[in-house]
Amino acid sequence: MAAADSSDNAVAASTCAHCQREIPSSNIALHSAHCARNLQKCEHCGDMVPRKLMDEHYEENHAPMNCSLCKCTVERELWDIHTGIQCPQRMLACQYCEFELPAADLLEHQDVCGNRTEYCQTCRKYIRLREWIGHELQFHTGSNAAPAAAGQPVPRPARPAAAHGSQRKQILLTIAVAGFAVLIGSILY
Ligand SMILES: [Zn+2]
Ligand SMILES: [Zn+2]
Ligand SMILES: [Zn+2]
Ligand SMILES: [Zn+2]
Ligand SMILES: [Zn+2]
């Protein structure tokens, strides 16, 4: 189908039985021999690949990938999904303290982290971090603010960042002390 070539002597073309490409008839014999000997159709993508490079082609394009984080073998088509939302060891930031930790540990951490309180200057009381957004919406949104913007992403409440770091240290200390107490307790009993 050398349609583009409209001259009388349009190059007659034949289809190579091996690679399915249109080859000028004058070359078809030579091509076929060469093609069959050297090229192989990739069973994964259908590309014609030099036989010698087939392993390389497979490795580079189709071989499952190893996730260095969770040590899983992942199909190449699923790689983006794996690293994006599935890998249990991918690093995610805690929504409360922004500390990054593996996804598998995030829920447990956020459970604890969200239970911490922070002092609301306006209300003069301590509010759990997990209730901050609701608290801000309920008590501190301007009168004109969209009524309770249900279902919309809510901007992160502005928290006193300076106090935050020291509070975190304090919590670590508390945990350490509590752990120590448990240890003592278990020795005594
Ligand atoms: Zn061919
Ligand atoms: Zn391929
Ligand atoms: Zn992984
Ligand atoms: Zn946290
Ligand atoms: Zn408040």
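Here, residue 1 is the first one in the sequence, and each next residue gets the next number. One-based numbering, in listed order, for ligands and for the atoms of each.
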Ring centres under 6.0 Å, that's the criterion: do His18 and His31 meet it? no

Residue pair His109 / Asp105, side-chain donor-acceptor N/O under 3.5 Å: no

How many protein N, O or S atoms sit closer than 2.8 Å to the Zn ion (ligand 5)? 4

Look at atom CD of Glu108 and say whether more than 12 heavy atoms of other residues, nucleotides or ligands are closer to it than 6.0 Å. no

d(Arg21 CZ, Ser14 OG) to nearest 0.5 Å is 14.0 Å

Atoms named by residue and atom, protein N, O or S, within reach of the Zn ion (ligand 2) (under 2.8 Å): Cys42 SG, Cys45 SG, His57 NE2, His62 NE2

Using a 6.0 Å cut-off, check whether atom CZ of Arg124 has over 12 heavy atoms from anything other than its own residue. no

Pro102 vs Met91 side-chain heavy atoms within contact, under 4.5 Å: yes

At a cut-off of 2.8 Å, protein N/O/S around the Zn ion (ligand 1) gives Cys16 SG, Cys19 SG, His31 NE2, Cys35 SG

Straight-line distance of Glu118 CD to Tyr126 OH, nearest 0.5 Å: 9.5 Å

Under the rule for ring pair (Phe, Tyr, Trp, His ring centres under 6.0 Å), what residues qualify as partners of His140, not counting sequence neighbours? His135

When rounded to the nearest 0.5 angstrom, what is the spacing between CD in Glu75 and CD1 in Ile81? 11.5 Å

With side chains defined as the heavy atoms from C-beta onward, is the minimum distance between Arg130 and Asp111 less than 4.5 Å? yes

Is the shortest heavy-atom distance from the side chain of Arg128 to the side chain of Thr117 under 4.5 Å? yes

How far does CD of Glu60 sit from CG of Asp55, to the nearest 0.5 angstrom? 11.0 Å

Heavy-atom side-chain proximity of Glu100 to Leu92 below 4.5 angstrom: no

